[in-house]
2 protein chains.
Amino acid sequence: MRPISEEDLTARARIRDAAMALFAERGVKAATIRGIAEAAGVSPGLVQHHFGTKEELRQACDEYVLSYVREQVAVGITGHNLGDPEYIENVHRSAPPLMHYLGRALVDGSPGAAAMFDELVNVTEQHLSSDDRSEADHRARATVLTAMKLGITVLHDHVSRALGTDLYGPQGALRVGKAQLDLIQPEFLGRELFEQARTGLEKLEGNR
Amino acid sequence: MRPISEEDLTARARIRDAAMALFAERGVKAATIRGIAEAAGVSPGLVQHHFGTKEELRQACDEYVLSYVREQVAVGITGHNLGDPEYIENVHRSAPPLMHYLGRALVDGSPGAAAMFDELVNVTEQHLSSDDRSEADHRARATVLTAMKLGITVLHDHVSRALGTDLYGPQGALRVGKAQLDLIQPEFLGRELFEQARTGLEKLEGNR
DNA sequence: TAGCTCACAATACAAACGTATAGAGTGCTG
DNA sequence: CAGCACTCTATACGTTTGTATTGTGAGCTA
């Protein structure tokens with residue numbers, strides 16, 4: 001399946017994609033309707049025709065990203081496809097711009113991104129609690145684990161620069177993924193996820 | 001030593017503090033000169049009298065934070081004072097607004113914050129390399145470690161909300177600090193730092 | 001005391017921005 | 001073919017923003 005080229009999309013989709021890219025790059029306040037319109041190849045008026053106000057455009061971006069992430073989590077984790085090369089390939093092609101936006105939304109006060117953060121903390125906490133029934137502070141551990149994981153996304157520009165490779169490129173994702181597995185105590189990642197992630201990374205490595 | 005109250009500071013210092021708070025809260029672009037002036041209790045004209053342009057004001061904030069962090073790192077880590085209660089108390093009183101600004105600067109494209117990120121990655125990498133002379137990817141590990149650590153600062157609003165406690169309050173800092181020590185493989189923190197951090201946290205816990 | 005410097009305020013202005021409004025072009029439907 | 005609905009552009013308007021300019025008063029100095 002070929003990647004969908006930007007020109008083949010409807011104007012509405014191009015505007016949404018351009019908005020996500022510019023919101024992510026400069027922040028919601030610094031990105032302008034005129035800039036988004038130009039990037040999408042349309043007039044500023046069309047942006048408001050399709051999305052109303054800037055705030056509504058931002059909400060549309062939020063919903064698009066959140067539904068994407070929830071879908072990929074469902075397919076990948078719940079559906080046990082983390083090791084599937086097609087799944088990995090698909091995610092690596094479509095995810096970067098969405099992750100870029102998500103990282104910005106988290107620091108830009110997006111209610112949707114905050115809800116997703118809380119959601120991730122909750123599932124992680126349940127996960128930790130079911131594995132370890134001691135009276136440890138699972139809430140704090142889940143929170144820190146979530147923040148550390150998303151922190152890499154939020155700081156992806158700095159990570160890419162320090163690595164000398166794009167975090168979302170094949171080599172960057174591999175190195176960062178392996179480093180995460182090395183650094184974090186395996187018991188907190190969950191046996192199953194740990195194994196799937198490791199074999200997935202190894203397959204990815206074998207293909208290069 | 002009493003905390004210095006905001007009213008006793010010079011107008012220039014009040015402007016800088018207000019700018020750091022508003023830049024941190026809303027981002028550089030969304031924070032306005034007029035808003036900063038009002039928060040500092042001065043006229044907008046005085047802001048430009050002391051700092052010139054908005055960009056120069058931002059640079060002044062950058063330099064202030066970076067020199068503070070470098071100083072505290074020198075006193076705390078290089079000077080082996082991480083376990084000193086007075087040091088801890090002092091940091092916990094003065095650091096929060098500065099950390100808040102640093103977190104924002106990292107995602108707002110501040111050159112100074114980027115330089116500090118690289119600096120931290122470099123010292124961490126040297127640290128890892130001297131402890132473990134294998135051919136492991138120390139650069140990636142150092143980068144990820146740095147990003148995860150700073151990620152908690154960048155996402156501190158979400159962390160505080162998920163925890164139900166302010167990250168920079170006594171309980172929040174304690175819980176997050178302990179969770180970090182639990183989650184990360186001790187060998188990557190360095191024996192010495194690990195011990196100092198643990199005893200420091202225990203002392204802090206004893207005082208509550 | 002005349003004059004200079006500096007901290008500070010008030011006003012003015014041009015640019016950029018979000019958005020409201022009006023209209024052009026196209027395709028579908030009765 | 002008349003008319004409606006929809007996509008898209010162009011223009012205009014009011015607000016906000018950064019910053020330039022000007023003015024004012026206090027303190028220091030010769």
Side-chain angles (χ1 to χ4, degrees), chain A residues 4-64 101 104-105 107-112, chain B residues 4-64 101 104-105 107-112:
Chain A
I4 301 161
S5 84
E6 198 72 13
E7 297 130 24
D8 290 345
L9 296 174
T10 66
R12 190 174 201 280
R14 289 205 315 275
I15 293 169
R16 193 222 317 113
D17 289 353
M20 284 199 305
L22 283 175
F23 283 163
E25 188 185 325
R26 305 179 193 178
V28 173
K29 180 74 193 212
T32 68
I33 301 284
R34 287 169 173 84
I36 291 166
E38 190 182 359
V42 300
S43 75
L46 193 60
V47 176
Q48 46 177 306
H49 172 69
H50 281 297
F51 294 96
T53 68
K54 191 181 184 182
E55 178 57 29
E56 287 172 311
L57 173 57
R58 171 223 181 91
Q59 284 175 23
C61 292
D62 275 12
E63 284 163 23
Y64 184 75
Y101 176 79
R104 175 65 75 160
V107 298
D108 235 27
S110 148
Chain B
I4 301 161
S5 83
E6 199 72 12
E7 297 129 27
D8 290 344
L9 296 175
T10 65
R12 190 173 201 281
R14 290 205 314 276
I15 292 169
R16 191 217 325 109
D17 290 353
M20 284 198 303
L22 284 175
F23 283 162
E25 189 184 324
R26 304 179 194 176
V28 173
K29 181 72 195 212
T32 67
I33 301 284
R34 285 168 175 84
I36 291 167
E38 190 182 0
V42 301
S43 75
L46 194 61
V47 177
Q48 47 178 301
H49 173 70
H50 281 297
F51 293 95
T53 68
K54 192 181 183 183
E55 178 57 30
E56 287 172 311
L57 173 58
R58 171 224 182 90
Q59 284 176 23
C61 292
D62 276 12
E63 283 164 24
Y64 185 75
Y101 176 79
R104 176 64 75 161
V107 297
D108 236 27
S110 147

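Everything numeric here is computed off the predicted structure, so don't read it as measured data. Below, chain A is the first sequence line, B the second, and so on; all start at residue 1.
- Within residues 27-41 of chain A, the residues approached by DNA chain C to less than 4.0 Å at the level of any non-hydrogen atom are A:Ala31, A:Thr32, A:Ile33, A:Arg34, in residue-number order.
- The distance between atom CG of B:Leu22 and atom C1' of D:dG18, rounded to the nearest whole Å, is 16 Å.
- Of the listed nucleotides (D:dT19, D:dC8, C:dA9), D:dT19 has the atom at the smallest distance from the side chain of B:Thr53.
- Residues passing the salt bridge (charged side-chain N to carboxylate O under 4.0 Å, His left out) test with A:Asp108, sequence neighbours excluded: B:Arg104.
- A straight line from CG of B:Leu46 to P of C:dT11 spans 16 Å, rounded to a whole angstrom.
- In this structure, the side chains of A:Ile33 and A:Lys54 come closer than 4.5 Å at one or more pairs of heavy atoms.
- Between A:Ile15 atom CD1 and D:dT7 atom C1' the separation is 10 Å, expressed in whole Å.
- Nucleotide D:dT16 holds its P atom 14 Å from the CZ atom of B:Arg26, rounded to whole Å.
- Checking the phosphate oxygens (OP1, OP2) of D:dC8, a side-chain nitrogen or oxygen of A:His50 falls inside 4.0 Å.
- Considering every non-hydrogen atom in both B:Cys61 and B:Ala19, the closest pair reads SG-CB, 3.9 Å.
- Contact check for B:Arg12 versus B:Ile15: no side-chain heavy atoms found under the 4.5 Å cut-off.
- Checking the phosphate oxygens (OP1, OP2) of D:dT19, no side-chain nitrogen or oxygen of B:His49 falls inside 4.0 Å.
- The shortest heavy-atom contact between B:Gln48 and B:Gly45 is CG-O, 3.1 Å.
- Under the 4.5 Å side-chain criterion, counting only non-hydrogen atoms from C-beta, B:Gln59 is not in contact with B:Phe51.
- With rounding to whole Å, A:Lys54 atom NZ is found 15 Å from C:dA20 atom P.
- In this structure, the CD atom of B:Gln48 is 18 Å from the P atom of C:dC6, given to the nearest Å.
- When the P atom of C:dA9 is taken as reference, atom CZ of B:Arg12 falls 15 Å away, rounded to whole Å.
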